[in-house]
Amino acid sequence: MIKRLLGSVREFRKEALLTPFFVVLEVVMEVVIPAVMALLIDRGIDAHNMGEIWKYGIILVACAALALIFGAAAGTYAARASTGFARNLRHDMYYAVQDYSFANIDKFSTGSIVTRLTTDVTNVQNSFQMCTRIAVRCPVMLIFALVMAFQINSELALIFLAVLPVLAIGLGLLMKFVGPVFERVFKTYDRMNTVVQENVRGIRVVKAYVREEHETGKFKGVSGLLYKEFSKAQKTMAGVAPLMQFCMYTCMLLISWFGARLIVGGSMTTGELTSLFSYAMQILMSLMMVAMVFVMITMSKASAERIVEILEEQPDLHNPENPVTEVKNGDIDFDNVSFSYKGDEHKLALRDVELHIKAGQTVGILGGTGAAKSTLVQLIPRLYDVTSGSVRVGGVDVRNYDIEALREQVAMVLQKNVLFSGTIKENLRWGNENASDEELERVCKLAQADEFIQQMPKKYDTYIEQGGTNVSGGQKQRLCIARALLKKPKVLILDDSTSAVDTKTDALIRKAFAEEIPGTTKLIIAQRVSSVQDADQIIILDGGAVQAVGTHDELLAGNRIYQEIYNQQTRKGGEE
């Protein structure tokens, strides 16, 4: 895990290595200062020698100045290394998510990914900075100060060694009890982020159903749970400070008692006792900082594991060794295709699908809720891989294509239309970033979107809010269709993407498709028979299997499911 995380240090490796180097130099200066102070007291002040006072005073100032310079350098390099590490870590996680297939994305909630990219990375960043600076400083200071203390008086220095087992046991118990609590805390963070995102995204539905109190209760519950878990962790960690202070004051009292007796007996000087007090403080402060490092590492361990989980998640879809980069045409063939979302052949969403669609055909797909209509078309641009059988586009198995090249030629308007914050032009150019303004207008006219765009104050420069909240459902669908058309694909898939437009607009869109892109294979998932009755063939799906294939007249004459749908929608002379 640590090796995987450190791989994100990259170009900041030099700063990460220079930080402990300057920390060691800073510690050396700080350890030298008490020794110089002892000489100043014994040889200068007690001996009433001004020459010695000036000599050791200048040395003290020089040591303090060097300690300041080395400390500032260590802090600067530590800040650069930690912030650079965090930047790279977020970059690596974000890019890892971009490579995920739909199956990979299904494993993580949106709230969980956001928490890992923000809170978890911040925790690991703080821990990294602490490890490169404090975690180096503490043991080095501890060792150097102990060595100096033993040189002054080995008997008094044994007091420090007696304290170490007590602290070690205390820190061990801390990590044992606090670690699992923090694991639960970050899972609760995930839940809270999910609740907030759902509420903000669906705020119109919340207000329409007057469910503000219910949503407030949900947030209060998860927020209260987070408070409870964090409080438990903080209460446990609060025991560290009293333990440290107890050890510190015990050491100081024992040194004062035995040191005073040694001075009276003439076996120790005042300067040596003073320096011993300084080393005692350095040793005990180092131990306190070690405790802080342990707490930070305990907190960040859970975060680090969650980050590595994102980084090590392997995409299910890969390019073959020698991928095909050109899609010949829009022919589509399903050869005995079965598919399961979990790869379990006993829980199939699609089974034994056999379909053959020629380039340029318009194909309608009908079926009830849960019939696997969306699942069927998602196999064409290889958003998922088949469990068995094969899907071919242009005569080539989709698994043999370069994924990017395949998806460039298979445009898909998903069931959940998504627009991003930015202007209409910027959203449309997702289909072709180099498209001219004239091309944008042309595809918008085909998608019946140009009319409402021209009525907007800034026309194509109108700003779309996040999620497209300032346009209607029908307008959003037409913009998404225009965006897909801009790719000039060989296959166009509309996954129930005209459900929010009226029948007249739907008919105009289909007419534009027939006249403007006759060579493009068009697959239309629809709930309305009128949307697909002019198609070259209509596929009826039922329970994940192809129940029938034929034209409108053929199915109306001989297919029970199609007859029921048609009769329901034309009953009393109108569409349901």
Side-chain angles (χ1 to χ4, degrees), residues 23 26-47 56-57 60 63-64 67 71 130 134-178 234-296 298:
V23 165
E26 180 189 12
V27 168
V28 169
M29 291 298 103
E30 289 185 9
V31 171
V32 167
I33 287 173
V36 176
M37 180 65 74
L39 293 172
L40 175 67
I41 293 172
D42 293 338
R43 297 183 184 181
I45 297 173
D46 287 351
Y56 290 113
L60 276 176
C63 289
M130 195 168 274
I134 307 300
V136 173
R137 176 188 174 84
C138 294
V140 173
M141 175 72 80
L142 186 64
I143 293 169
F144 284 9
L146 272 174
V147 169
M148 296 298 289
F150 270 97
Q151 284 186 346
I152 294 170
N153 190 298
S154 57
E155 293 178 354
L156 285 181
L158 289 173
I159 294 171
F160 303 124
L161 295 181
V163 172
L164 291 178
V166 178
L167 290 173
I169 293 170
L171 293 175
L173 292 172
L174 173 75
M175 291 192 70
K176 180 180 178 181
F177 290 111
V178 175
Q234 293 294 341
K235 286 175 184 176
T236 306
M237 290 191 298
V240 175
L243 177 64
M244 295 301 306
Q245 288 178 347
F246 171 77
C247 293
M248 179 186 294
Y249 293 130
T250 300
C251 285
M252 298 300 286
L253 285 170
L254 290 173
I255 291 171
S256 299
W257 172 259
F258 291 112
R261 293 172 67 88
L262 291 172
I263 290 174
V264 171
S267 58
M268 179 180 277
T269 67
T270 305
E272 288 175 337
L273 182 60
T274 303
S275 63
L276 201 60
F277 277 128
S278 297
Y279 290 129
M281 291 299 296
Q282 288 179 349
I283 291 168
L284 294 170
M285 287 302 294
S286 296
L287 291 172
M288 287 189 71
M289 296 304 289
V290 167
M292 287 179 58
V293 170
F294 269 92
V295 170
M296 196 66 220
T298 303

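The heavy-atom pair separating Ala145 from Val31 by the smallest distance is N-CG2, 4.4 Å. Scanning both residues, Cys63 and Val32, for their nearest heavy atoms gives SG-CG1, 3.9 Å. In plain terms, the two heavy atoms of Val36 and Leu60 that are nearest each other are CG1-CG, 3.6 Å.
In summary, of the residues considered (Val28, Ile134, Val136), a side chain to side chain contact (heavy atoms under 4.5 Å, CB included) with Val23 occurs for Val136 alone.
Other residues, nucleotides and ligands contribute over 12 non-hydrogen atoms within 6.0 Å of the CE atom of Met130.
Sorted by first and then second residue, the salt bridge (Lys or Arg N to Asp or Glu O under 4.0 Å) pairs with a member in residues 136-145 read Glu26-Arg137, Glu30-Arg137; sequence neighbours excluded.
Atom CG of Leu39 is separated from atom CD1 of Ile45 by 11.5 Å, given to the nearest 0.5 angstrom.
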